[in-house]
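Worksheet for the structure shown next.
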Amino acid sequence: MKLSENRHTAVWMRDRVICRLFAAWCWFAVYMLTREGEFTSLSFGQDYTLAVVGLWTLANFILLTPIAVLCHPYNSDSWFLMGGATVCVWLWLYQLPANSNRYLIWLAVAVVYALFVLYFLSANEGLFRKWSPNRRVVTVVAVTGALVSCFVISVITCLRYKTFSSPNFDFGLFVNMFHNMRETGEPLVTSERDRLLSHFAVHISPIYYLLLPFYWLIPSPLTLQVGQAVALMLGIIPVLLLAKHFKLSPWATLGVSLLYAFYPALSTGCFYDIHENCFLPLFLLLTFYFFETERTIPMFLSAICVLGVKEDAAIYLIIFALYAILSRKKYLRGGALLLLAAWWFYEAGELLEKYGLGMMVNRFDNLIYDREDGLLGAIKTALVNPGYLLTQLFTTGKTTWEKIAYFCQMLLPLGLLPFCSKKASRWLLAAPLLINLLTYYQYQYDIGFQYHFGIAAFLIYAVIVNLPELSPNWRRSLLGAGLAFCFSLYLVSVVPTFNSYVTRWEDGKETYLRMEEILDTVPEDASVNCSTFLLAHIADRNEIYEIGYHDNKPDVDYVVIDARYSDWKQKANAYLTQGYEITFSEPGKIVILQKQT
């Protein structure tokens, strides 16, 4: 009799009744979202009266109550609410139209969802404290998450290529480069600057040689796309090592690992095909780990790998060296790292000026008064006029909210944890974010591009460093909120892209396979001028150019034009008047012209 009374007392407590009512309404909302129509329309669901809504909610409440009685030792009502809210969020964000407002709608939905998550974690605090996964389970789940993310990224990027959606800039040129690397060992490319030159004349990125053995074994553009995803997700290893070093609890370790695996900015940063930046998270996080464990030689080896990613990667190491000196008082190792990074940054700039095309500083023209100063001009501006610097922080050339949206997309999925420290010097770990916020180059503050991989590594590291200093309640709340924002943003930014490319491939598979057959007829030893979206598919040759940059020069054997676009006749006519003849033409697919001798 006493047990029965306890059951009924627990089930009919005010908080649980209110929670169950909300849960009952959430499951009604789930039903509504499965109906035809768009929830973003005001007319959606207006055929239901308030009385019907009340009856549905009451019916769900009655159905949930017996379960609550049976599971009285646990706060099952919070699970009902969490389940209903999660399904609602999934359906809302999954059905969200791909328009310019989708990230603002995500923000509204995610804020509310985060509140539900916080309530759920608070209501089940005792349960989570009582049951904690062991390290093996955490590792398996973390690695599985990384593998799932790797698979999703690989499918999206491979289907970009297979559906002829990857342009010369920035994929076809890398296919051409890897072809030459496989043949000669040199990173030569013709389609990058419309002439034969080393890619290192544009960006010094010897890190690409790590992928060369795999490309040598499987010489396919798909190898590069998958290689990018693998390199990125290998970063889960130092994340787990860092979590272990800082003695994070199993739940915290699991949370941080899932944040890394499904951090939207890492996945979406791959959606414009392979870039050398994909190696930054792995080698930066390894550098951080070896620094923390005081393993000097491995730390410097990892740092050298970071420097091999790109000439401007030295900036990341300079920031980390300053953190090591100012925040951690590691003067010797921090000073040595600072000298190494500063020396290489200077040398790389000199090499590019002397033998290459110079360092790309135009992306920071808004901060450089005298062009001859290069990036030092931006540093000078920061020192002599910090007020001006603040005017550039969240403004853009178009006077939009893009930078604020970018800030939210980078920080909210981490629960703002990179800033949760009493030590102001630790905020240096968030300083790399300024690199993308202080420019007017729009791609740097767009998570759809690769410019934030290094920033992501710093932010994840800051999360791991800050977590042990927080109280259990704050740690649980911020990490839980971060996961809510993370997975909801993943639903908005990654899942629709995955579905879009799968659908595109399934709908046009025969067309794409036919286009591949047509392109295979172009001789491998011929020089080619090619449309941008076709170029990657025939870039495994010594000489290939992009039509948009070759100025209709009659110096190639073949001209290959993408006939899916209306301007193909204009492009063909420019060569027909110069002694070329159409040797193949298939409407809506490809036109091939050959130079007549």
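All heavy atoms count here, side chains included; hydrogens, waters and symmetry mates do not. Note that the structure is a prediction, hence the values are computed from the model and not measured.
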Item to complete: Evaluate the side chain to side chain donor-acceptor pair (under 3.5 Å) criterion for residues Arg475 and Ser249: first the C-alpha distance (whole Å), next the side-chain angles of each, then the deciding distance (0.1 Å), finally the verdict.
Response: CA-CA 11 Å; Arg475 191 184 309 144; Ser249 70; 5.2 Å; no

Discussion item. Can you confirm whether more than 12 heavy atoms, excluding those of Tyr443, are under 6.0 Å from its OH atom?
Written reply: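 Incorrect, the count does not exceed 12.
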
Item to complete: Check whether more than 12 heavy atoms from other residues, nucleotides or ligands sit under 6.0 Å from atom CH2 of Trp251, and answer yes or no.
Response: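 Result for CH2/Trp251: enclosed.
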
Item to complete: Among Tyr161, Phe214, Phe171, find the one that has a side-chain contact (heavy atoms from CB on, under 4.5 Å) with Leu224.
Response: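 Going through Tyr161, Phe214, Phe171 one by one, the side-chain contact (heavy atoms from CB on, under 4.5 Å) with Leu224 is satisfied by Phe171 alone.
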
For the residue pair [X] and [Y], categorise the inter-ring angle as parallel (less than 30°), tilted (30 to 60°) or perpendicular (more than 60°).
| X | Y | result |
| --- | --- | --- |
| Trp106 | Tyr103 | perpendicular |
| Phe288 | Phe458 | perpendicular |
| Phe449 | Tyr272 | tilted |
| Phe151 | Phe498 | tilted |

Worksheet entry | Test item: side-chain donor near acceptor, Trp427 and Ser421, under 3.5 Å |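 Looking only at side-chain atoms, Ser421 and Trp427 do not form any donor-acceptor pair under 3.5 Å.
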
Item to complete: Tell me whether the centres of the aromatic rings in Tyr445 and Tyr406 are closer together than 6.0 Å.
Response: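 Judged by ring-centre distance (under 6.0 Å), Tyr445 and Tyr406 do not meet the cut-off.
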
Discussion item. Measuring centre to centre across the rings, with the benzene-like ring taken for any Trp, is Trp25 within less than 6.0 Å of Phe61?
Written reply: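 That pair fails the under 6.0 Å test.
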
Discussion item. Can you confirm whether Leu211 sits close enough to Tyr215 that some side-chain heavy atom of one is under 4.5 Å from a side-chain heavy atom of the other?
Written reply: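 No, side chains not in contact.
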
Discussion item. Is there a side-chain contact between Tyr260 and Val256 in this structure, where contact means two heavy atoms from C-beta onward sitting under 4.5 Å apart?
Written reply: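 In short, these two side chains do not touch, never coming nearer than 4.5 Å.
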
Discussion item. For Glu294 and Lys330: C-alpha separation, side-chain torsions, deciding distance, then whether salt bridge (charged side-chain N to carboxylate O under 4.0 Å, His left out) applies.
Written reply: CA-CA 10 Å; Glu294 299 186 352; Lys330 302 294 183 181; 3.5 Å; yes

